[in-house]
Amino acid sequence: MLNWNNLNQVKAFEKLQALRDHVRLQDVMAGEQGAERVKKYSVPMAGGLTYNFAAKQVDDEVLEALGKLAEETQLTEKYEALYNGEVINTGEKRLVLHQLTRGQLGAPVVADGTDKRSFYVGEQEKVAAFARKVHAGEITNAEGQKFTTVVQIGIGGSDLGPRAMYLALENWAKQNGQFRMEARFISNVDPDDAASVLKSIDVSRSLFVLVSKSGTTLETLTNESFVKNALKQAGLDPARHMVAVTSETSPLAKSSDYLAAFFMDDYIGGRYSSTSCVGGAVLSLAFGPEVFARFLQGAHEEDELAKNPELLKNPAMLDALIGVYERNVQGYPATAVLPYSQALSRFPAHLQQLDMESNGKSVNRYGEPVDYVTGPVIFGEPGTNGQHSFYQLLHQGTDIVPLQFVGFRENQAGMDVEIQGSTSQKKLCANVAAQIMAFACGKKDENPNKSFAGGRPSSIIIGDQLTPEALGALLAHFENKVMFQGFVWNVNSFDQEGVQLGKVLAKRVLAHETDGALKSYSDLLNI
């Protein structure tokens, strides 16, 4: 029997509140004590990764309290209910099945008369077969030429995750002989977005992947029309250049406007869809189905770790609970995601949607207002770029912002140079190590402008290299972290009603059904 209680009704939360000032980073991270913490507070992840939380404001007593919070809020039991097919998305009365796109975690899940794991695998096999035919030149343009570019048309979860995943593996694929096609992305309804992409590619040798689960997404269909117009103006038949990723019930499903259609369903939310055909089509075309399969394997292995009820053997649950401690006990308003890897340049943008769209809620699963804070603001940029941007506020600002670093010991491209006694990669790694300690310990100085208070908590996920398996594990880690936090806060992490109101009003504006200030803003923008 699952109990869905608000956080402030959970007894373990009271104990956690009493530990607010229990750990002072400036003390515990200094000297040999700090060295021992780095060795001790480290948890293996899938994909060759490790989650290290030594520079977080926790100790064994705090961890014990977090473990009790996990037990009382039934986190592993709720996760089990999710992957076994219970209706966890209460707002839309839907199952939540994105984990099934990368592996079976529990009992077979049957919905709509279909074994869902078999359905997802079947669609992945269709994508793989299609990609292989494109790569082999069995599917070509009208002139018999191979396609060289794939362009994804989608917005939100149909863009942010797949784009971040593509960029994360592009250099790795080129270095390892797995690069098949360049990928580009069109998302914004701003015509400059589509125009910029179309002017930079050979449209005659480009495949366009239209992604819309409903088949009615305004921005995506507008961009589809933009692309079709460009193809026609180039004397090309759009139907020979487009495929659809959609649901079986959408108007796109059986249209003759597409070379092929690959299906998803309502049980996979957009921001959780990178391991479905939403990411599978573009990534399989860009890198080959085998690379996509390795990416899925890394995600599945990380999902398996999330089943473990032992807190120190479950990195996603541990990360989630430390985040709840920081948000609800220590009162920190935001979290900065700081990948020290240029390949992950768009990963923070994906996590913005994943986290803020999931847990940016002020009512619980039953629609009742909660009287505690929920999801934090998420932002970030790759290091070392961010150091020369917003780190000033992170080091010396009035708000303490917890930090989530990601780093790798080796680069992807296989290129480097030694300057002043060290390589570029060594310099990159030196910077992330230095930042962790600078944030934790600070520095006293007689000049207040040069004084650093320290006490800024951080964690790091670290591995040897960003491979497909490591990327899959990284993605699943954060998806599961968000899920666990939603369970603790007793919110529905799988609907997103907050994005709907603006869409409704925009349709009124375009139909000229406005009055008052809305009409004035419409006039101001010359609509």
Side-chain angles (χ1 to χ4, degrees), residues 29 34-35 38-39 42 45 47-55 163-180 182-184 283 286-287 291 294-295 298 336-351 379-395 401 403-441 443 452 456 458-475 477-478:
M29 287 299 290
V38 174
K39 296 174 185 175
S42 205
M45 296 171 57
L49 301 176
T50 299
Y51 172 66
N52 187 288
F53 59 101
R163 187 194 297 248
M165 300 306 112
Y166 169 77
L167 292 173
L169 293 179
E170 184 178 19
N171 267 338
W172 177 91
K174 289 176 178 176
Q175 176 65 16
N176 289 277
Q178 301 294 331
F179 192 75
R180 302 287 182 262
E182 179 187 13
R184 303 295 298 276
L283 296 177
F287 307 131
V291 172
R294 291 175 59 181
F295 168 65
V337 180
L338 308 170
Y340 274 62
S341 166
Q342 187 60 29
L344 292 173
S345 61
R346 291 297 291 169
F347 195 66
H350 169 59
L351 294 188
F379 69 97
E381 280 289 321
T384 56
N385 302 48
Q387 292 178 202
H388 296 268
S389 175
F390 51 81
Y391 276 36
Q392 168 62 43
L393 183 147
L394 300 183
H395 275 294
V401 178
L403 318 161
Q404 289 199 302
F405 292 100
V406 181
F408 300 93
R409 301 176 187 94
E410 302 171 11
N411 65 35
Q412 291 179 313
M415 299 172 61
D416 209 339
V417 63
E418 186 168 314
I419 298 176
Q420 298 178 353
S422 62
T423 64
S424 301
Q425 186 68 26
K426 294 293 185 185
K427 290 179 173 66
L428 180 69
C429 291
N431 270 277
V432 69
Q435 290 295 332
I436 291 171
M437 291 303 295
F439 279 118
C441 296
K443 178 181 75 75
F452 294 76
R456 267 65 173 168
S458 69
S459 63
I460 182 168
I461 294 174
I462 191 165
D464 286 333
Q465 189 184 57
L466 183 56
T467 62
E469 293 86 351
L471 182 64
L474 193 65
L475 177 72
H477 172 88
F478 282 102

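Below, each value reflects all heavy atoms present in this structure, side chains not excepted, and no hydrogens, waters or symmetry copies.
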A.B. asks: Any idea how F347 and H350 line up, ring-wise: parallel (<30°), tilted (30 to 60°), or perpendicular (>60°)?
C.D. replies: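 Ring orientation, 0 to 90° scale: tilted.
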A.B. asks: Does any N or O in the side chain of E469 come within less than 3.5 Å of the main-chain N or O of G48, such that one atom is a donor and the other an acceptor?
C.D. replies: no
A.B. asks: Return the CZ to CZ distance between R184 and R163, rounded to the nearest 0.5 Å.
C.D. replies: 9.0 Å
A.B. asks: How are the rings of F405 and F439 set to each other: parallel, tilted or perpendicular (split at 30° and 60°)?
C.D. replies: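 F405 vs F439 ring planes: tilted.
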A.B. asks: How close do L49 and L474 get, heavy atom to heavy atom, and via which atoms?
C.D. replies: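 In terms of heavy atoms, the two residues are closest at CD1-N, 4.1 Å.
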A.B. asks: Less than 4.5 Å apart, side chain to side chain, heavy atoms only: is that true for R346 and Y166?
C.D. replies: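 No, every pair of side-chain atoms sits at 4.5 Å or beyond.
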A.B. asks: CZ/R456 to OH/Y391 distance, rounded to the nearest 0.5 angstrom?
C.D. replies: 14.0 Å
A.B. asks: T467 side chain to A470 main-chain N or O, any donor-acceptor pair under 3.5 Å?
C.D. replies: yes
A.B. asks: Give me the atom names and distance for the closest heavy-atom approach of A336 to V401.
C.D. replies: N-CG1, 3.8 Å
A.B. asks: Less than 4.5 Å apart, any side-chain heavy atom of Q435 and any of T384?
C.D. replies: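 Q435 vs T384: side chains apart.
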A.B. asks: Verify whether the ring centers belonging to F379 and F390 lie closer than 6.0 Å.
C.D. replies: yes
A.B. asks: Looking at every heavy atom in both C441 and M29, which two are closest together, and how far apart are they?
C.D. replies: SG-CB, 3.8 Å
A.B. asks: Looking at CG of L403 and CD1 of I460, how far apart are the two atoms once the value is rounded to the nearest 0.5 Å?
C.D. replies: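 Answer for the CG-CD1 pair, L403 versus I460, is 11.0 Å.
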A.B. asks: Could you tell me which non-hydrogen atom of L167 sits nearest to which non-hydrogen atom of S345, and how far apart they are?
C.D. replies: CD1-OG, 4.2 Å
A.B. asks: Establish, yes or no, whether the cationic atom of K174 lies under 6.0 Å from the six-membered ring centre of F179 and within 45° of the ring axis.
C.D. replies: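 Judged by the rule (NZ or CZ under 6.0 Å from the ring centre, within 45° of its axis), K174 counts as positioned above F179.
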A.B. asks: For K426 and G421, indicate whether the former's side chain and the latter's backbone hold a donor-acceptor pair under 3.5 Å.
C.D. replies: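 Judged by distance alone, no pair lies under 3.5 Å.
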A.B. asks: Between N52 and V38 (side chain of the first, backbone of the second, donor and acceptor by atom type, cut-off under 3.5 Å), is there such a pair?
C.D. replies: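 Yes; at least one donor-acceptor contact below 3.5 Å.
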A.B. asks: Answer yes or no: is there a donor N or O on one side and an acceptor on the other, between the side chain of E381 and the main chain of P348, under 3.5 Å?
C.D. replies: no
A.B. asks: Start with the C-alpha gap between L466 and L471, add the side-chain angles, then the distance that decides, and say whether side-chain contact (heavy atoms from CB on, under 4.5 Å) holds.
C.D. replies: CA-CA 6 Å; L466 183 56; L471 182 64; 4.1 Å; yes
A.B. asks: To the nearest 0.5 Å, how far apart are CH2 in W172 and CD in Q178?
C.D. replies: 5.0 Å
A.B. asks: OH of Y340 to CG of N385: how many Å apart, nearest 0.5 Å?
C.D. replies: 9.5 Å
A.B. asks: Search all heavy atoms of L344 against all heavy atoms of A168 and return the closest pair with its distance.
C.D. replies: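 That closest heavy-atom pairing would be CD2-CB, 4.0 Å.
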A.B. asks: Parallel, tilted or perpendicular: which one describes the rings of H477 and Y51, with boundaries at 30° and 60°?
C.D. replies: tilted
A.B. asks: Rounded to the nearest 0.5 Å, what's the gap from CD on Q425 to OG on S341? Could you check?
C.D. replies: 8.0 Å
A.B. asks: Would you say Q404's side chain and S458's backbone share a donor-acceptor pair under 3.5 angstrom?
C.D. replies: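 Between the backbone of S458 and the side chain of Q404 there is no qualifying donor-acceptor contact (under 3.5 Å).
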A.B. asks: Do the non-hydrogen side-chain atoms of Q342 and N411 ever get within less than 4.5 Å of each other?
C.D. replies: no
